[in-house]
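First up is the structure itself, then whatever we jot down about it.
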Amino acid sequence: MLSTYKFEHGNDFVRICNIPNFDLSSTFENGQCFRWEKISPDHYIGVAMGKVLEVFKDGDDLVFYNTNIKEFESLWIPYLTLDVDYEQIKQVLSKDPMLKKAVEFAPGLHLLRQNFHETLICFILSSNNNIQRIKKIVNNLCQATGKDISYNGKTYKSFPPITDMQKLTCEDFMSMGAGYRSKYLVHTINALCCKDIDVEHLKNCSLDQARKVLQCYMGIGVKVADCILLYSGTRYDVFPSDVWIKKIMASYLGESPSVEKILKYASEVFGRYAGIAQQYLFHYARFNL
DNA sequence: GACCAGGCTAACT
DNA sequence: AGTTAGCATGGT
């Protein structure tokens, strides 16, 4: 928990002392985010919220560069969900034997609370696509439309706000490699610029209502809606069901279970932590099935 | 050349 | 309401 962290910090760095249960690779390379670059094992640089952050593991410490303690507490602790008690959640989830294995496989996995619009755009791009290609397209988008951020003599790009993406045409997105999703992006970005989504409402309404709101936008179905809700930290009672989750859920529900059946089972068994359970399962499935 | 990847839309019964 | 072809692209 947050209160137990011990910090050392200066003008341009923050060190969290003794935080053994945060793993960079299983957090940044589990398909929830697309803008973290591995420099070397346990050493990453990423762009989020218009800022560049460098992080590496030093024994049981985590060291963050290009930030200070004030910014770290207001921005990066929520982003990295360092304010969430994963020990308690993992304990609850581990009552299920499959999840026990999945949690033991990646005990340092954290969900992220990412910018809502960025998550929405990235997961429209994710449909019938693979993670490597999604990263490439997102990078092309940021290069074309993002703002410069310089750090350590290098220029990085922020993820553009939707108002800046409104000028992009279908052909622009095609040239970035977005393929048939280009049309969805143009349509949805326009709709969002006309009338934005009330994220607070998405938190307070029922899950079915939240899914319905998102599915009004072109390119968003049940699976993408659940990803947006989960990876923006909007709600955790979701269960994004892609091909990997369908594979691993077959061990609970028999061969090729329907999405309906999966969602029903997940909400009954994993309840309000279903989204977190899904993330451990997805990561486990990708590396073990 | 098939088949696959964090699926969705549109056009069918 | 439920089922299915078609879709851009790059890697294996």
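What you are looking at is a predicted structure, and each value in this text was computed from that prediction instead of being measured. Lettering follows sequence order; numbering is per chain, from 1.
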TODO: Describe the nucleic acid contact of A:Asp226 in one word from base, sugar-phosphate, nothing, applying a heavy-atom distance below 4.0 Å.
DONE: nothing

Open item on the list: Check this for me: does the side-chain of A:Glu260 come within 3.5 Å of the base of C:dG2 through a donor and an acceptor?
Closed with: no

Check the distance between [N]'s [atom2] and [X]'s [atom1] and give it to me in whole angstrom.
X        : N     : atom1 : atom2 : value
A:Asn30  : B:dA5 : CG    : P     : 18 Å
A:Phe287 : B:dG6 : CZ    : P     : 11 Å
A:Leu289 : B:dG6 : CG    : P     : 13 Å
A:Lys246 : B:dC4 : NZ    : C1'   : 14 Å
A:Glu171 : C:dA8 : CD    : C1'   : 14 Å
A:Ile262 : B:dG7 : CD1   : P     : 13 Å
A:Ile137 : B:dA5 : CD1   : P     : 16 Å

Task: Stacked pair A:Phe282-B:dG6, distance under 5.5 Å, angle under 30° - done: yes

- [ ] If a protein heavy atom is under 4.0 Å from the base, mark B; if only from the sugar-phosphate, S; if neither, -; do that for nucleotides 8-13 of chain B going 5' to 3'.
- [x] SSS---

Taking only residues two or more places apart in sequence, or in another chain, which ones meet [X] in a side-chain contact (heavy atoms from CB on, under 4.5 Å)?
X        : result
A:Asn11  : none
A:Phe287 : A:Phe105, A:His283
A:Lys246 : A:Val259, A:Ile262
A:Asp148 : A:Thr155, A:Lys157

Open item on the list: Looking at A:Phe56, is its backbone amide N or carbonyl O close enough to the side chain of A:Asp42 to form a donor-acceptor pair, meaning the two atoms are under 3.5 Å apart?
Closed with: no

Open item on the list: For the P atoms, the ones on B:dA11 and on C:dA8, what distance do you get once it is rounded to whole angstrom?
Closed with: 14 Å

Open item on the list: Work out how far the C1' atom of C:dG2 is from that of B:dG6, and round it to whole angstrom.
Closed with: 24 Å

TODO: Check each of A:Tyr151, A:Tyr65, A:Tyr44 against A:Glu54 using the side-chain hydrogen bond (donor to acceptor under 3.5 Å, both in side chains) test, and report the only one that passes.
DONE: A:Tyr151

Mind listing the N/O atom pairs, protein and nucleotides 9-12 of chain C, below 3.5 Å?
{"unit_1": "C:dT9", "atom_1": "O4'", "unit_2": "A:Arg133", "atom_2": "NH2", "d": "3.3"}
{"unit_1": "C:dT9", "atom_1": "O2", "unit_2": "A:Arg133", "atom_2": "NH1", "d": "3.1"}

Task: Side-chain ion pair, A:Glu200 and A:Lys203, N-O less than 4.0 Å - done: yes

Task: Shortest non-hydrogen separation from A:Ser182 to A:Gly179 and the atoms involved - done: OG-O, 2.7 Å

Open item on the list: Tell me if the centroids of the rings in A:Phe72 and A:Phe64 come within less than 6.0 Å of each other.
Closed with: yes

